[in-house]
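Remarks on the structure that follows.
These values consider heavy atoms only, across backbone and side chains, with no hydrogens, waters or symmetry-generated copies.
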Amino acid sequence: MVLSKTASQTDVSVHSTFASRYVRDALPRFRMPDNSIPKEAAYQIINDELMLDGNPRLNLASFVTTWMEPECDKLIMAAINKNYVDMDEYPVTTELQNRCVNMIAHLFNAPLGESEAAVGVGTVGSSEAIMLAGLAFKRKWQNRRKAEGKPYDKPNIVTGANVQVRSLLLTTPSQTIIFFFLLILASNPVKRGSLDRKVCWEKFARYFEVELKEVKLRDGYYVMDPKKAVELVDENTICVAAILGSTLNGEFEDVKLLNDLLAEKNKKKGWDTPIHVDAASGGFIAPFLYPELEWDFRLPLVKSINVSGHKYGLVYAGIGWVIWRSKDDLPEELIFHINYLGADQPTFTLNFSKAQNAKNMELIFSSDNGVPLVAFSLKDRSRHDEFEVSDYLRRFGWIVPAYTMPPDAQHVTVLRVVIREDFSRTLAERLVMDVEKVLHELDSLPPKQTKVNGHPNHHRNGTIPKKSELETQRSVTDAWKKFVMAKKTTNIVC
């Protein structure tokens, strides 16, 4: 006779994770649990929640690399436990970073001698890079004003209203090593595969007490106008920031024209206002696809450039770089010096641990000369808008953001698709088909209603009309969809 045995509550061995009490019982969400649970159960619980994230390969809103070669994955795992800020403990990783800085500086035509070392640093994305570059501009401007006996308490910076919007990223030594791997793998890292941020500058201005002067956009011109930018420059301007690859439509700003106009004003006023180029998106595109385009250190007023390795440098998030034209452009008092292996290692950081046109679509906002993205809008917005298209595309798994342009072009709404290396032709064709499906479905629905007295269905006389059968069906579908999504985000185990 076989006797059955009930497992006690103290058993820690989990043979079937989903059948265990650790998955069936609710765990506290914002406090540490009273008792430990097995590693298998902890993994499964976290993994199940992560399943609700979007698919990175279908996230067409982001410039960040979502696929790398298996060899890169191996290097990441081999270096993931290194804190390479400890330069004396990990000198080789530090050396790889230094070599990357020099490679990028030469790529951007820095005026370096044959044996002269470049001036730059690896950062947590371009966000930290911009902070460091801006801080260097502010300090150099202050030093000059002090030497001239002039006030130095009201610095400002001039940018376009289309400056980059970025999120905080975490950097590990893996990103530096992988980026170095890609640089040495081929002379052209961008062409190895098919080519398929405003908050950051506001943070710099607020954190470091610098007035932010924005050049407003206008209808039909969605990048910073160099003429208007130079008009905003005064004796307190620490630099003008140009964007090589606008987040909004991918277009490169005319850095050459900005340099020429600013040089003319500097000569007339006796100033020395410099330029910073935010090349987060376009820095690893322009040198290869538009080699004759003058935007980098070939222009004398360009004193620093930032670029993101995790965008078109083809590296996972998040590694960025900032390169200075020369040592004179980075004030010495901002640099800290440490000794490793008997040699001096200067450090400057804020961190310590490190498509085609579809039906009813109008491709009018993207520029051929820029980063590979497609920004488009509806030709006819009388029935439905771009936000509805974005919402419906999510049902197919696509994350295609819709947004309005900054002032003074906020009446323009666009959808944006970022083309990364892993965006294959198959995915592109599927996206076009899904967009066409969405447009066809939207065309079969009643047009969007204008809100009256806060209610979208009020008639002008204040009455609420009876819904048609199609409208009722749509309301039921939307309500059911919201119910299902709400159930998915709970911890209920069925």
Heavy-atom pair with the smallest gap, counting every atom of F63 and R416: CE1-NH1, 3.9 Å
Spacing of L415 atom CG and F376 atom CZ [to the nearest 0.5 Å]: 4.5 Å
Sub-4.5 Å side-chain heavy-atom contact between D434 and R430: yes
Straight-line distance of S424 OG to E429 CD, nearest 0.5 Å: 8.5 Å
Contact list for residues 319-330, test salt bridge (charged side-chain N to carboxylate O under 4.0 Å, His left out), sequence neighbours left out: K140-D329
Close side-chain approach of L107 and P287, heavy atoms under 4.5 Å: yes
OG1-CD1 distance between T159 and I243, expressed to the nearest 0.5 angstrom: 7.0 Å
Pairwise side-chain contact, L58 with I399, heavy-atom cut-off 4.5 Å (strictly under): no
V322, L330, N102, I335 screened by side-chain contact (heavy atoms from CB on, under 4.5 Å) with V119, the one that passes: L330
Side chain to side chain contact (heavy atoms under 4.5 Å, CB included) evaluation trace for L244 with D278: CA-CA 6 Å; L244 195 75; D278 182 353; over 6 Å; no
CG-CG distance between L439 and L393, expressed to the nearest 0.5 angstrom: 8.0 Å
Residues in salt bridge (charged side-chain N to carboxylate O under 4.0 Å, His left out) contact with E148, at least two apart in sequence or another chain: K150
W295: ring-ring contact (aromatic ring centres under 6.0 Å, His included) partners, not counting sequence neighbours: F108
Side chain to side chain contact (heavy atoms under 4.5 Å, CB included) assessment of R99 paired with L96: CA-CA 5 Å; R99 290 160 70 180; L96 291 182; 3.9 Å; yes
Smallest separation among heavy atoms of F252 and L293, with atom names: CD1-CD2, 3.6 Å
Pair R206 + E202, salt bridge at N-O below 4.0 Å: no
Y221, OH: over 12 other non-hydrogen atoms inside 6.0 angstrom: yes
From CG (N266) to CH2 (W271), nearest 0.5 Å: 8.0 Å
C200 side chain near I130 side chain, heavy-atom distance below 4.5 Å: yes
Close side-chain approach of S377 to V412, heavy-atom, < 4.5 Å: no
Partners passing salt bridge (charged side-chain N to carboxylate O under 4.0 Å, His left out) against D260 (at least two apart in sequence or in another chain): K256
Exam field: side chain D385 to backbone E388, donor-acceptor pair closer than 3.5 Å: yes
Residues which pass salt bridge (charged side-chain N to carboxylate O under 4.0 Å, His left out) with R57, listed by chain and number, not counting sequence neighbours: D422
Side-chain touch V438/W398, heavy atoms, less than 4.5 angstrom: no
Aromatic plane relationship, F204 with F208 - under 30° parallel, 30 to 60° tilted, over 60° perpendicular: tilted
Side-chain donor-acceptor pair present, S308, S126, cut-off under 3.5 Å: yes
Neighbour count above 12 (heavy atom, 6.0 Å) for E211 CD: yes
Side-chain (Y316) to main-chain (M68) donor-acceptor, under 3.5 angstrom: yes
Qualifying residues under side-chain contact (heavy atoms from CB on, under 4.5 Å), relative to A205, sequence neighbours excluded: L212
Test side-chain contact (heavy atoms from CB on, under 4.5 Å) applied to F284 and L289, L314, I104, the passing residue: I104
Minimum heavy-atom distance between V210 and I238, given as atom pair plus value: CG1-CD1, 4.2 Å
Side chain to side chain contact (heavy atoms under 4.5 Å, CB included) assessment of V432 paired with V435: CA-CA 5 Å; V432 172; V435 169; 5.7 Å; no
Least distance between heavy atoms, E253 atom then A242 atom: OE1-CA, 3.4 Å
Salt bridge (charged side-chain N to carboxylate O under 4.0 Å, His left out) partners of residues 220-249, not counting sequence neighbours, each pair once: R145-E235, K213-D234, R218-D225
More than 12 heavy atoms of other groups within 6.0 Å of Y152 OH: no
For the student: nearest non-hydrogen atoms of Y403 and N249, plus distance: OH-N, 4.4 Å
Shortest non-hydrogen contact between L217 and V223, atoms and distance: CD2-O, 3.6 Å
Qualifying salt bridge (charged side-chain N to carboxylate O under 4.0 Å, His left out) pairs, either residue in residues 283-297, two or more places apart: D296-R298
Pairwise side-chain contact, V240 with L262, heavy-atom cut-off 4.5 Å (strictly under): yes
Those residues that, when tested against S304, pass side-chain contact (heavy atoms from CB on, under 4.5 Å) (two or more places apart): A133, F137, H276, W324
Short side-chain to backbone donor-acceptor contact, H310 and V315, under 3.5 Å: no
Distance in Å, N59 CG paired with F423 CZ, rounded so as to fall on 0.5 Å steps: 11.5 Å
Check: E95 side chain, V92 main-chain N or O, donor-acceptor pair, under 3.5 Å: no
T237 side chain vs C239 backbone, donor-acceptor pair below 3.5 Å: no
Candidate pair T123 and L132, rule side chain to side chain contact (heavy atoms under 4.5 Å, CB included), full reasoning: CA-CA 9 Å; T123 60; L132 297 178; 3.8 Å; yes
All salt bridge (charged side-chain N to carboxylate O under 4.0 Å, His left out) counterparts of K267, not counting sequence neighbours: none
Residues in side-chain contact (heavy atoms from CB on, under 4.5 Å) contact with A110, at least two apart in sequence or another chain: A105, L112, F297
All side-chain contact (heavy atoms from CB on, under 4.5 Å) counterparts of V101, not counting sequence neighbours: A118, W321, I323
Any donor-acceptor N/O pair, K311 side chain to A280 backbone, under 3.5 Å: no
Non-hydrogen side-chain atoms of K138 and Q142 separated by less than 4.5 Å: yes
